[in-house]
Amino acid sequence: MKSGLDRQRNIHYVFLACAITLVLQAANLQLFDGSYARLADATAIEELTVYPPRGIVYDRNGERIVSNEATFDLMLTYNQLKLKEMDVEKFCTIVGIKPADFKRNLDKDWRSGKFSKSVPFVFLKKISPEKNARLLESLYEFPGFFVQARSIRGYPFSAGAHVLGYINEVDPRDLERNKGKYETGDYIGAAGLESGYEDYLRGKKGTTNLLRDNLGRIVGKYKQGERDSAAVAGKDLVSSIDIKLQAYGEKLMANKTGSVVAIDPETGQILAMISAPTYNPNLLVMTNERGQEFSRLLTDPLRYFFDRTVMAKYPPGSIFKTVVSLIGLQQGVISTDGGFNCSGGYFYAGRLYKCHHSGHLNGVVDAIAQSCNTYYMNKYRDEIDKYGYSNPQKGLDEFNRYMTQFGFGQRLGIDYPNESPGGFPTSAYYDKLYPKNQGSWHSPTIMSCGIGQGELQLTTLQMANLAACIANRGYWYPPHLVKEFKDGTKIPERFFEKHKVEIDNSHFETVVEGMYQCVVRGTARIAQVPGVSVCGKTGTSQNPHGDDHSVFFAFAPKDKPRIAIAVYVENAGWGASYAAPIAGLMIEKLLNDTISTARMAIEERMVKADLTSKILANRVIEKLQATLPKPKPDSLPDPAKIPTDVPDGVKPNETKLQNIKPQNNRK
């Protein structure tokens, strides 16, 4: 009997212990452990990201050139989608798409790492406010979908596509490079100013917590927004670009390939930066049609996304004669008023290298004005042979020391992505190319560099910076695209650093006078601007793949210059044909604000000129030549292809070979 009572008591104790355990656990869950409360909240509360508006971009005169436009993105969290219970036809009718579009937008490459089934992604971009209002009324019927307010870029002037850039949705590489800064679905500056100043323009994200009822409908903010955090807008940026000058330059460069860079020499601020061909930047705003437009531009043979202002490396042609002049004057190899006789070409080793000029030159000013190839082949050889014909290495090394001071062969440090350093040949390069056991190299081997050909390569940005350096009589500031920030944030100190060239100011004055005379009476007369003293130099750059390139650089006015400019038009022939008139018109537009009646015919000719067929033909030639075996490089120019800079109405000199005598008794 007693054992039965004990057994019953033990059972009571077990039940009592279990009851106490359950009570304690319930108390723990209710009073101490918040995980279940958070889980309950999660079923009723939805935390959404609040995206900040990106900073507005203005031009130097206060014009808004990049703005924000309110839009709505339809987002989807795939794991929450109940496709079998969903009325797809009704959904498509509300948002204005076809069932095939619905299926395509739903189909993602989940293995790529770009998308996750548990992370929201953009299902449909830029739905209208009207569609958004209709959708919100029925959104509870479509679990997994929600609307995210965003702002997208707009471009009031439809100009400056390359320099302003565009934004993209982040991809896995962006997430890897910027750990913690971005999440899937975020936008990032992918080109131009948008990329260069991404950290300033993007702002800081915020959050908002919304309360849903049992049908999934939003009924208000959770706890009056006490969990919310405000988004911080990006910084508004005032760029150095003059958008009217930019748009005008793009108009002149229509249906052409090349680039234009204009700089304020006093500050290094960039006034215009044009890569042609260009496109309307509004084509790449974050819309549903963006992908199609992007693909079209990307696959076009005109290579719209290749930014020729900083990425293309060109032989500068005869504008480089200004550098040869400055270095030669500083070294004492060139005298300011030393006379020179040109017989129509440079004769070496039984070959004639033609020059359009023929006759006496009264010095370096005349040589620049008339762009005499014969003069500069001679003088460049004198500079390289300064330490003897058998020691060109030392002469070239000293020459290149000045080249570095001009900013050649290096990045200038622009606040802009993808800048190429360009390049110039060194003695080490030629020693490797022409080893002793295979024959050495001497000044004649590389004399084409003296007229801006050979292995010499500059970007258009570097050419414009050279013009700015000459305008300043011997110094330059790193070119940059930011003028200021609206909130007073300081721009980088490096843009105020003065880079000096170790050449006497008097020698710069000599070259400035030569450039001035080049426009007044020489090869660049077409660049004259009424009431403005323009200093410039034409160039015609030899192109092994087809028609030569038209080159020109200049600054104006002669004293207290306000603009330095370089224009490079591919496959356009002589420098005076296209590059010089385009530069002259842009100088006139900036300084006089209008084009004079006498020059309107030039403007019309530039605007209407269409070089597209020539450009495409040269692309075919390039592709064909790329399939051929590459010969060993040789700096010695081909006399039949050496470019000349010919003034308006003057034909290249056709003097016969037998009438030309050697200029000196060089080896």
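Values in this document were obtained by computation on a predicted structure and should not be read as measured data. Side-chain atoms are counted along with the backbone in the values below, which use heavy atoms only and exclude waters and symmetry mates. Quick note: residue numbers are just sequence positions, from 1.
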Exercise: do Tyr568 and Ser541 side chains pair donor with acceptor under 3.5 Å | yes

Do the ring centers of His162 and Tyr304 come within less than 6.0 Å of each other?
-> no

Between Lys537 and Tyr516, is there a donor-acceptor pair closer than 3.5 Å when you use the side chain of the first and the backbone of the second?
-> no

Lys379/Glu383 ion pair, N-O < 4.0 Å | no

Does any donor atom in the side chain of Ser443 or Arg381 lie under 3.5 Å from an acceptor atom in the other side chain?
-> yes

Rounded to the nearest 0.5 Å, what separation is found between the CE atom of Met463 and the OG1 atom of Thr309?
-> 11.5 Å

Out of Leu412, Thr460, Val261, which one pairs with Asn465 under the side-chain contact (heavy atoms from CB on, under 4.5 Å) rule?
-> Leu412

Ion pair check, Lys560 and Glu266, cut-off under 4.0 Å = no

Measuring from Glu398:CD to Gln331:CD, what's the distance to the nearest 0.5 Å?
-> 4.5 Å

Would you please say whether a donor-acceptor pair under 3.5 Å links the side chains of Asn373 and Lys321?
-> yes

Would the number of heavy atoms belonging to other residues, nucleotides or ligands and lying under 6.0 Å from CD of Glu604 be above 12?
-> no

Are Lys432 and Tyr430 in a cation-pi setup, meaning NZ or CZ lies under 6.0 angstrom from the ring centre and within 45 degrees of the ring axis?
-> no

Stepwise, does the side chain to side chain contact (heavy atoms under 4.5 Å, CB included) test hold for Val365 with Thr510?
-> CA-CA 7 Å; Val365 169; Thr510 299; 4.1 Å; yes

Distance from Leu283 atom CG to Glu293 atom CD, nearest 0.5 Å?
-> 5.0 Å

Could you tell me whether the side chain of Gln517 and the main chain of Gly514 form a donor-acceptor pair under 3.5 Å?
-> no

Other residues, nucleotides, ligands: >12 heavy atoms within 6.0 Å of Lys244 NZ | no

When the ring centroid of Phe294 is compared with that of Phe305, is the distance short of 6.0 Å?
-> yes

Has Lys500 got its NZ or CZ under 6.0 Å from the middle of the six-membered ring of Tyr475, at an angle within 45 degrees of the ring axis?
-> no

The reported gap from CD1 in Ile368 to OG1 in Thr538 (rounded to nearest 0.5 angstrom) is 11.5 Å

